[in-house]
There are 2 protein chains.
Amino acid sequence: MANLLEANCLLCRQKSDVFNHLNDNELDRVNGCRVSIKYHQGEVIFKQGSPCHEFVCVTSGLVKIYLEGEGDRKIIIGFARPVDYIFVPGAFSDKRHHFTAVACEETTACLVEVDIIQELLRSNQQFASGFLTKISEQSIRLFDQLTSFTHKQMPGRMADVLICLAQKIYQSNPFHTSLSRQDLADMSGMTKESAIRILKTFKDDQLINTEGNTIEILNMAMLETISRNG
Amino acid sequence: MANLLEANCLLCRQKSDVFNHLNDNELDRVNGCRVSIKYHQGEVIFKQGSPCHEFVCVTSGLVKIYLEGEGDRKIIIGFARPVDYIFVPGAFSDKRHHFTAVACEETTACLVEVDIIQELLRSNQQFASGFLTKISEQSIRLFDQLTSFTHKQMPGRMADVLICLAQKIYQSNPFHTSLSRQDLADMSGMTKESAIRILKTFKDDQLINTEGNTIEILNMAMLETISRNG
DNA sequence: CAGTTTTGATGACATAGATCATCTGATTTG
DNA sequence: CAAATCAGATGATCTATGTCATCAAAACTG
């Protein structure tokens with residue numbers, strides 16, 4: 001059985017909130033020009049600085065989105081899971097990507113030309129409104145990350161990351177992740193070594209348990225306290 | 001002579017880009033329900049966490065926009081100058097303010113009910129599109145700030161701030177500012193003491209000159225190098 | 001399957017930058 | 001005008017965290 005999610009935008013819509021505002025006609029237009037692509041783990045979907053021609057909608061797998069700094073330093077600012085559309089702010093300003101998207105595991109995504117989406121934004125105000133909401137929420141998340149990175153120290157930041165992974169990204173408590181320690185470090189604005197050390201102290205303190213890439217939060221209350229106290 | 005900028009949205013439009021997309025009729029609607037308020041230095045225009053009822057458009061003065069963290073730590077994420085409309089992401093999601101806006105000097109601003117703007121966003125797609133662009137640019141600026149804060153050390157961050165003030169905010173080279181050293185610190189993610197120290201080293205190195213609240217950049221090229229090298 | 005590369009884990013060390021304390025001059029206030 | 005408050009300035013610590021080096025285990029790869 002083929003992956004239903006990829007078969008048609010009309011089926012996919014049931015999963016994605018933004019596209020709920022499009023009628024069947026409009027979705028057919030999107031469906032007609034979409035291209036479904038399969039990415040292997042570690043493959044770049046689009047790269048910071050490159051021109052942005054398509055919108056990307058993740059239909060299976062997991063995509064990490066990060067800012068590239070000097071050297072090989074990264075800041076992971078978010079993830080896209082099925083069925084998430086990746087909001088690309090450059091599409092509305094300088095037509096460039098301002099972050100890089102990479103598949104964390106086997107991933108399929110649909111590419112839709114920017115022009116089509118922008119046409120729909122113009123003709124369908126409910127769709128546009130949904131878009132505005134999504135962008136806004138993304139901004140708000142950035143505020144939180146900026147505050148966390150600037151005001152909290154490492155334990156607080158790592159607590160934030162672990163809570164986010166369990167509650168938002170994987171939505172399960174012992175969760176298995178394809179993210180490396182380096183990725184966790186990039187999510188929390190520290191070096192890999194520091195990330196490993198913090199995870200170890202959390203483990204020693206019975207806050208979490210780690211078995212390779214499986215992490216279990218044992219004491220959520222305490223983690224939340226650590227997050228709050230920075 | 002009264003301040004013309006405040007007299008009427010139609011005149012004000014000439015200054016503000018977003019409102020260019022509204023026709024005279026629509027602007028009249030905005031004009032009809034707007035309230036112009038005068039704020040003194042240091043007064044709060046709206047407060048992080050509070051419900052957001054109005055959009056704020058700054059018609060004179062200078063407004064700083066910052067995130068409030070634990071304790072009294074702040075992160076200044078931007079400024080609004082005449083004629084800037086302050087984009088409030090909460091207006092499209094949870095109807096709450098996610099940052100605080102404070103007048104840095106004598107400031108006048110027009111308040112317009114959120115509902116009116118949202119109605120216009122629905123009926124005028126060009127207006128909505130201009131909005132989308134503005135929000136996107138704000139996001140992109142946040143990316144830069146997040147990268148700067150996380151990857152650069154203090155001299156690089158302060159260089160960023162000084163360049164931004166001279167080129168974007170005040171658009172003049174010896175510039176006089178109503179911002180305190182604490183504000184500069186809040187813009188660059190460090191303590192007031194550190195900000196003062198960095199400014200002093202810059203001054204000692206002939207990169208800038210400071211006389212109270214007047215700052216002159218003497219060696220822009222070097223500052224840019226410092227900014228780039230973090 | 002031997003060899004190479006990557007990832008995780010840890011220790012030793014260096015330092016950027018926060019914190020705390022003090023002092024000055026400026027500005028506000030009773 | 002004295003007193004009090006506040007912003008700027010500066011030095012003395014202390015510490016969180018980055019850097020570097022090493023090593024083991026796992027994962028590729030020819």
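Predicted model only: the values in this text are computed from it and were never measured. The figures that follow rest on heavy atoms only: side chains count, while hydrogens, waters and symmetry mates do not. Labels below follow one simple rule: chain letters A, B, ... track the order of the sequence lines, proteins then strands, and each chain is numbered from 1.
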Trainee: Using the side-chain heavy atoms of Lys192(A), tell me which of these nucleotides is nearest: dA18(C), dG8(C), dT10(C).
Mentor: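 For Lys192(A), the side-chain atoms sit closest to dG8(C).
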Trainee: Just how far, in rounded Å, is P of dT17(D) from CE of Met158(A)?
Mentor: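 Nearest whole value for this atom pair: 11 Å.
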Trainee: Could you check which of dG8(D), dG17(C), dT7(C) has an atom nearest any side-chain atom of Met154(B)?
Mentor: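 Nearest nucleotide to the side chain: dG17(C).
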Trainee: May I ask you to decide whether Glu68(A) forms a salt bridge with Lys47(A), counting only side-chain N to carboxylate O separations under 4.0 Å?
Mentor: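 Yes, charged N to carboxylate O under 4.0 Å.
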Trainee: Counting only side-chain heavy atoms from C-beta out, which of dG17(C), dG8(C), dT19(D) sits nearest to Glu193(A)?
Mentor: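 Of all the options, the side chain of Glu193(A) is nearest to dT19(D).
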Trainee: Any base atoms under 4.0 Å from Ser180(A), or only sugar-phosphate, or nothing? Heavy atoms, all strands.
Mentor: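 The answer is sugar-phosphate, as Ser180(A) gets under 4.0 Å only of primed atoms, P, OP1 or OP2.
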Trainee: Does a side chain donor of either Asn213(B) or Thr177(B) reach within less than 3.5 Å of an acceptor in the other side chain?
Mentor: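 No donor-acceptor contact under 3.5 Å links the two side chains.
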Trainee: Any side-chain donor paired with an acceptor under 3.5 Å for Ser136(A) and Thr133(A)?
Mentor: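 Ser136(A) vs Thr133(A): no donor-acceptor pair found between side chains.
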Trainee: Check this one for me: any side-chain N or O of Ser194(A) less than 4.0 Å away from OP1 or OP2 of dG18(D)?
Mentor: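 Answer is yes, contact under 4.0 Å.
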Trainee: In whole angstrom, give the distance that lies between atom CE of Met190(B) and atom P of dA18(C).
Mentor: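 After rounding, the reported distance stands at 7 Å.
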Trainee: Between Leu199(A) (CG) and dG8(C) (P), how many Å, whole number?
Mentor: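 Distance, rounded to whole Å: 10 Å.
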Trainee: Grab the CG-P distance between Leu184(A) and dG8(C) for me, whole Å please.
Mentor: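 Value for this atom pair: 8 Å.
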Trainee: Whole angstrom is fine here: how far is it from CD in Gln153(B) over to C1' in dT19(D)?
Mentor: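 Going from CD in Gln153(B) over to C1' in dT19(D) covers 12 Å.
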Trainee: For Ser188(A), run the side-chain contact (heavy atoms from CB on, under 4.5 Å) check against Met158(A), Met154(A), Gln145(A) and tell me which one passes.
Mentor: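 Answer to the side-chain contact (heavy atoms from CB on, under 4.5 Å) test with Ser188(A) among Met158(A), Met154(A), Gln145(A): Met158(A).
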Trainee: Under a 3.5 Å distance rule, please check whether Thr107(B) uses its side chain to pair with a backbone N or O of Glu105(B) as donor and acceptor.
Mentor: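 Checked: pair present.
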Trainee: Looking at Arg73(A), I'd like to know whether one of its side-chain N or O atoms comes within less than 4.0 Å of OP1 or OP2 on dT19(D).
Mentor: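 Negative; the distance criterion is not met.
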Trainee: What integer distance in Å separates Asp204(A):CG from dT10(C):P?
Mentor: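 After rounding, the reported distance stands at 8 Å.
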Trainee: What integer distance in Å separates Phe149(B):CZ from dA18(C):P?
Mentor: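 In whole Å, dA18(C) P lies 11 Å from Phe149(B) CZ.
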Trainee: Arg181(B) side chain N/O closer than 4.0 Å to the phosphate oxygens (OP1, OP2) of dA7(D)?
Mentor: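 So the side chain of Arg181(B) is outside the cut-off, no N or O lying under 4.0 Å from OP1 or OP2 of dA7(D).
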Trainee: Let me know the distance between CD of Glu211(B) and P of dG25(C), rounded to the nearest Å.
Mentor: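 After rounding, the reported distance stands at 17 Å.
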Trainee: Do Arg197(B) side-chain and dG8(D) base share a donor-acceptor contact under 3.5 Å?
Mentor: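 Answer is no: no donor-acceptor pair is held.
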